[in-house]
Amino acid sequence: MNLTIQKVIALIIACGMSGGLGGYYAASFSPVQGQVAIVDVQALLKQAIDKNQAQTEADAKVLTAKIKAATAPLVEQGIVILDSQSILSAPEEAYVKVE
């Protein structure tokens, strides 16, 4: 009986290792989907201009700093940031909210 348990354990270990190797082999051929986030710069500029008709260079610098601050954590994660004017179609979740 003890020999049977050892055979079962050896079979389980062999199956686990072969499954792990097969999974690793299959995963090595699956493509990695690139991550992209989209910033609607035109809408941000329109929103800033609507609030203040006398848009100044300082205001533009502040807006640029806000955009960079909002996107910096995404860039650190390896996500590509694009302007919405370059996008034909994208899911709503891809757009970054800049507050």
(request) Please name all residues satisfying side chain to side chain contact (heavy atoms under 4.5 Å, CB included) with L11, sequence neighbours left out, ordered by chain then number. (result)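 Counting only residues at least two positions away or on another chain, L11 forms a side chain to side chain contact (heavy atoms under 4.5 Å, CB included) with C15.
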
(request) For L21, enumerate each residue passing the side chain to side chain contact (heavy atoms under 4.5 Å, CB included) test, keeping only those at least two apart in sequence or located in another chain. (result)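 By the side chain to side chain contact (heavy atoms under 4.5 Å, CB included) rule, L21 matches no residue at all.
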
(request) Quick one: list whatever passes ring pair (Phe, Tyr, Trp, His ring centres under 6.0 Å) with Y25, sequence neighbours left out. (result)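 Ring pair (Phe, Tyr, Trp, His ring centres under 6.0 Å) list for Y25, sorted by chain: F29.
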
(request) List, by chain and number, the other hydrophobic cluster members for V8, where Ile, Leu, Val, Met, Phe, Trp and Tyr join if side-chain heavy atoms come within less than 4.5 Å, directly or indirectly. (result)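 Result for V8 is I12.
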
